[in-house]
Amino acid sequence: VGFGLVTAAILALAAVAVSLQVSVTNFINFAYGDYLTFGAYIAWMFTRAGVPLVIALLISGAVTGVMAVIIHLLVFKRFMRRNVRPVTLLIAGLGVSFIVENGMIVVWGAEPRRFSTTLGNSMHIGPFILTPGDMIIIAASAVLLVGLHSLLSYTKFGKSLRATSNNLDLAQASGIDVDRVVSLTWFIVGVLTAGAGVALVLEEGSLEPITGFNELFIIFGAVILGGVGRPYGAMLGALIV
């Protein structure tokens, strides 16, 4: 159960990000696992240069968020404007996945990488066996998810995002800048993805170009179990998985 809580904390970040993206774009991005890996590589690169892990994680989130927005503008938005079938967007996502994955191989190589930071020694906490790093992952995930809840519930952007998710055409007719909402959602997806990627690599111990892709269908399982396009359901789905 203790290990399950740590896994759930990582899965929740990833599943909520997928659910947010699906809610405003209405398609599943099969390149998502590679975004997760990319975020982990960016953090690994900066920690290797001597940057503290927390700072490297912030940089990784920003870079991955920007990458997600750029790919949306260059690829997915062009297809969405043509009102293509969902299967076309799925195929486009697979194409993006191949490009990002092979780009990471070109830049960082295919051999496994490891963070210099460890999760620490195992400790008995009640009936659980957890490391200090495990507890930090659970706490950080909880903070990010609570922050996301506050953003969705109490800010103008959150209300705009929920309106766009419910009915894009009606939201646009009501004066909401739908393109801006979708772009900011992709950025948030990138930030959450980077956090999940770094936590996943710290938990598993190694980083490879296929790390995120290997977890993709487990993440999708949590999303589907919680209801596609429902961020709060994705949290519950992650816990159950």
Side-chain angles (χ1 to χ4, degrees), residues 11-36 61 64-97 141 144-196 216-217 219-241:
L11 276 180
L13 288 178
V16 166
V18 171
S19 199
L20 272 178
Q21 177 254 305
V22 172
S23 71
V24 297
T25 60
N26 202 31
F27 76 93
I28 293 178
N29 177 19
F30 271 88
Y32 181 77
D34 300 291
Y35 291 9
L36 189 148
T64 307
V66 170
M67 183 192 75
V69 173
I70 290 173
I71 290 176
H72 163 65
L73 295 176
L74 293 181
V75 181
F76 297 125
K77 186 176 180 179
R78 294 172 182 266
F79 284 106
M80 291 169 68
R81 279 181 171 174
R82 298 175 187 173
N83 293 317
V84 298
R85 293 181 298 168
V87 67
T88 303
L89 288 164
L90 291 178
I91 295 171
L94 285 172
V96 171
S97 173
S141 177
L144 283 172
L145 292 175
V146 169
L148 180 63
H149 166 73
S150 300
L151 179 70
L152 293 177
S153 301
Y154 305 117
T155 67
K156 183 178 179 180
F157 168 73
K159 293 176 182 178
S160 299
L161 190 152
R162 286 186 284 123
T164 302
S165 172
N166 187 57
N167 190 317
L168 188 146
D169 293 331
L170 183 57
Q172 194 165 25
S174 301
I176 294 174
D177 188 344
V178 171
D179 289 338
R180 176 176 173 271
V181 169
V182 174
S183 293
L184 284 175
T185 301
W186 276 105
F187 182 80
I188 293 170
V189 165
V191 172
L192 294 176
T193 301
L216 190 60
F217 291 101
I219 295 168
F220 285 169
V223 172
I224 292 169
L225 186 60
V228 177
R230 299 177 179 271
Y232 299 116
M235 297 180 197
L236 180 61
L239 184 62
I240 294 172
V241 169

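Positions are given from 1 along the sequence. All values derive from a computational prediction rather than experimental measurement.
Nearest heavy-atom pair across Val75 and Ala92 is CG1-CB, 4.3 Å. The shortest non-hydrogen separation linking Leu161 to Ser23 is CD2-OG, 4.4 Å. Shortest non-hydrogen contact noted between Ala14 and Leu36 is CB-CD1, 4.4 Å. Of all the heavy atoms in Leu192 and Ala17, the pair that sits closest is CB-CB, 3.9 Å. Here the closest heavy-atom approach between residue Ser183 and residue Leu73 is recorded as OG-CD2, 4.1 Å. Taking all atoms of both residues into account, the shortest heavy-atom contact from Ala234 to Ser19 is CB-CB, 4.1 Å.
The CZ atom of Phe187 lies 9.0 Å from the OG1 atom of Thr64; values are rounded to the nearest 0.5 Å. Taken to the nearest 0.5 Å, the OG1 atom of Thr185 stands 10.0 Å off from the CZ atom of Arg180. The distance from the CG atom of Leu94 to the CG atom of Asn29 is 9.0 Å, given to the nearest 0.5 Å. Atoms CG and CG, from Leu225 and Leu239 in turn, are 10.0 Å apart once rounded to the nearest 0.5 Å. Rounding to the nearest 0.5 Å places OG of Ser97 at 13.5 Å from CD1 of Ile91. Here Leu13 contributes atom CG and Leu144 contributes atom CG; the two are 5.5 Å apart, rounded to the nearest 0.5 Å.
Test Val24, Thr155, Val181 against Ser160 for side chain to side chain contact (heavy atoms under 4.5 Å, CB included) and you get one pass: Val181.
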| Between Asn26 and Leu168, is a side-chain contact (heavy atoms from CB on, under 4.5 Å) present by the stated rule, with each step listed? | CA-CA 10 Å; Asn26 202 31; Leu168 188 146; over 6 Å; no
| task | Take Val16 and Leu148 through the test side-chain contact (heavy atoms from CB on, under 4.5 Å) and record every step on the way to the result. | result | CA-CA 9 Å; Val16 166; Leu148 180 63; 3.2 Å; yes
| message | Could you walk me through whether Leu152 and Leu20 satisfy the side-chain contact (heavy atoms from CB on, under 4.5 Å) test, starting with their C-alpha distance in whole Å, then the side-chain angles of each, then the deciding distance to 0.1 Å, before giving a yes or no? | response | CA-CA 10 Å; Leu152 293 177; Leu20 272 178; 4.2 Å; yes
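No side-chain heavy atom of Lys159 sits less than 4.5 Å from a side-chain heavy atom of Ile176.
Dense packing is recorded around CG of Asp177, with more than 12 heavy atoms of other residues, nucleotides or ligands lying under 6.0 Å away.
Remark: aromatic rings of Phe76 and Phe27 are close, center separation under 6.0 Å.
Ring-plane geometry between Trp186 and His72 is classed as parallel, the angle between the planes falling under 30 degrees on a 0 to 90 degree scale with a further cut at 60. The aromatic rings of Tyr32 and Tyr35 are tilted relative to each other, their planes meeting at an angle between 30° and 60°.
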